[in-house]
Amino acid sequence: MSALKLATYNINGIRTRLPVLLQWLAREQPDIVCLQELKAVDADFPVAELRKAGYGALWHGQRSWNGVAILARDGMPLESRRGLPGDPEDTQSRYLEAAVHGVLVGCLYLPNGNPQPGPKFDYKLAWFDRLIAHAATLCNAGIPAVLAGDFNVVPTDADIYNPKSWRKDALLQPESRARYTKLLSQGWLDSLRHLHPDEPMFTFWDYFRQHWQRDAGLRIDHLLLNPELAPRLQSAGVDRWVRGLEGTSDHAPTWITFTGYAVPAGDD
DNA sequence: ATGGCCGCGTCCCGCGGA
C-alpha cells in the first residue's frame, strides 16, 4: 500500500511563478495538487509545460484574479464540478472539483473579504455559506473526499504569529471563524492541526515588513478530510523551502500524505 | 493610523491581495 501526497498551493500568478512551480513539483513529486490564484485566462494556462513535468491538469482561469486548478501526477483529474452551486450570478473562478487517484478533491479559493465591513466581506460570508452547503454532500458522500485550498481564515489565535495587528482583518473575524468551525462540525478533519497540535504550521507570510525573515506567518491554507479519508491520513506539513526561493509566492505549498488503496491480492 | 511588497492590466499608476 503506497502513500499518496496531496498538496495545496496558492501560487499567486501561474505565469510568473512557473519556474518555482516546476522546481517544487520536480523535488516533492506530489501526486495531487490544488492550485489557487492562477491570475490567468484559460488560454494562458501552461498545460504543455505541466504535461512535460508529468502532470495532467484541469483548470478554471480568470483574467487578472482568482483561478484554480487541479493537477494529477501520471494521470488526469476527472471533473465533477466547476463553481459552487447556489449563485448563478457569481462569475469568480474559485472552486473546482474532480476525482483524482481514488479521491474526490474540492479545490477552493475562498474570498479574502477585506476590507470589512463592506460588500467584499459580505461576499466572503455568502461564498462560505454556499461552500458549507455543498461540503455537506461531499462529507457524506460515502467515498474519500478532501477540501483543499486557501480558505482565507485564520481559525484561531494559535494560527497566527500575533493577532493584535490583524484583529480587524477579515481573516480573523468571528463570522469567518464561526463558519470554519461550522464546516468542521459536519465531520471534516483539519489534517495539519490534527497531526501538529502544538506547532504554528504557518502557510502564508506576506511580502511586507520582512514577515518571512521573521517567521511572522498565518495558517490559512487548509486540507480537510471527510470520515472516509481521515483514517488513512499519515503525515502533513508545509514545504517552507519554497517560500524562501527568489520570485516566490507569499504562500508555501501545504500537504498531506495518506495511504492509497491497497492493491488487491492477486487471486490468479 | 498608515504603509510596507507583489502580480496584473493598462500602460508607470491603480487595484487587489492578506
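Just the heavy atoms: all of them, side chains too, but no hydrogens, waters or symmetry mates, feed the values below. Chain letters run A, B, ... following the sequence lines, proteins first, then strands; residues in each count from 1. Bear in mind the structure is a predicted one, so any value in this text is a computation, not a measurement.
Taking atom CG of residue A:Asn66 and atom C1' of nucleotide B:dG16, one finds them 10 Å apart after rounding to whole Å. Here the C1' atom of nucleotide B:dC6 and the CG atom of A:Asn12 are 7 Å apart, to the nearest Å. With rounding to whole Å, A:Leu38 atom CG is found 17 Å from B:dG9 atom C1'. Counting to the nearest Å, the C1' atom of B:dG16 and the CZ atom of A:Arg94 are 10 Å from each other. Here the C1' atom of nucleotide B:dG17 and the CG atom of A:Asp169 are 10 Å apart, to the nearest Å. Rounded to an integer number of Å, the gap from CD of A:Glu246 to P of B:dG7 is 11 Å. Distance CZ (A:Phe204) to P (B:dG17): 12 Å, rounded to an integer number of Å.
The environment of CD in A:Gln210 is sparse: at most 12 heavy-atom neighbours from other residues, nucleotides or ligands sit within 6.0 Å.
Between A:Thr16 and B:dC8 there is a side-chain N or O to OP1 or OP2 distance below 4.0 Å.
Remark: A:Ile132 engages A:Phe128, A:Asp129, A:Arg179, A:Lys182, A:Leu183, A:Gln186 in a side chain to side chain contact (heavy atoms under 4.5 Å, CB included) (not counting sequence neighbours). Under the rule for a side chain to side chain contact (heavy atoms under 4.5 Å, CB included), the partners of A:Ser235 that lie at least two apart in sequence or sit in another chain are A:Trp255, A:Thr257.
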Can you list the steps and then say if A:His211 with A:Tyr161 is a ring pair (Phe, Tyr, Trp, His ring centres under 6.0 Å)? CA-CA 10 Å; A:His211 273 180; A:Tyr161 66 101; 5.1 Å; yes

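Comparing the P positions of B:dT10 and B:dC6 gives a spacing of 23 Å, expressed to the nearest Å. Rounded to a whole angstrom, the distance from the P atom of B:dC15 to that of B:dA1 is 22 Å. Look at the P atom in both B:dG3 and B:dG14: the space between them is 13 Å, to the nearest Å.
Checked by atom type and distance alone, the side chain of A:Asn66 never pairs as donor or acceptor with a backbone atom of A:Gln92 at under 3.5 Å.
Across all strands shown, A:Phe151 has no heavy atoms under 4.0 Å from either base or sugar-phosphate atoms. Contacts of A:Asn10 with the nucleic acid, taken as non-hydrogen atoms under 4.0 Å apart, involve only primed sugar atoms and P, OP1 or OP2. Within the nucleic acid shown, A:Gln210 has no heavy atom closer than 4.0 Å to any nucleic acid atom. Using a 4.0 Å heavy-atom cutoff across all strands shown, A:Asp250 reaches no nucleic acid atom at all. A:Asn114 comes within contact range of at least one nucleobase, with a heavy-atom separation under 4.0 Å. Using a 4.0 Å heavy-atom distance criterion, A:His251 is classed as a sugar-phosphate-only contact.
Checking B:dG9, B:dG7, B:dG17 against the side-chain heavy atoms of A:Glu37 singles out B:dG17 as nearest.
Here salt bridge (Lys or Arg N to Asp or Glu O under 4.0 Å) pairs that include residues 48-73 of chain A, with residues two or more places apart or in two chains, are A:Asp31-A:Arg73. Applying the salt bridge (Lys or Arg N to Asp or Glu O under 4.0 Å) test to residues at least two apart or on different chains, the pairs with a partner in residues 79-108 of chain A are A:Glu79-A:Arg82, A:Asp90-A:Arg130.
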N/O donor to acceptor pairs below 3.5 angstrom from side-chain atoms of residues 198-205 of chain A, sequence neighbours left out:
residue	atom	partner	partner atom	Å
A:Glu199	OE2	A:His196	ND1	2.9
A:Thr203	OG1	A:Ile220	N	3.2
A:Thr203	OG1	A:Asp221	N	3.1
A:Thr203	OG1	A:Asp221	OD2	2.7
A:Trp205	NE1	A:Asp215	OD1	2.9

Can you pull every protein N or O that's under 3.5 Å from an N or O on nucleotides 10-15 of chain B?
residue	atom	partner	partner atom	Å
B:dT10	OP1	A:Arg63	NH2	2.6
B:dT10	OP2	A:Arg63	NH2	3.0

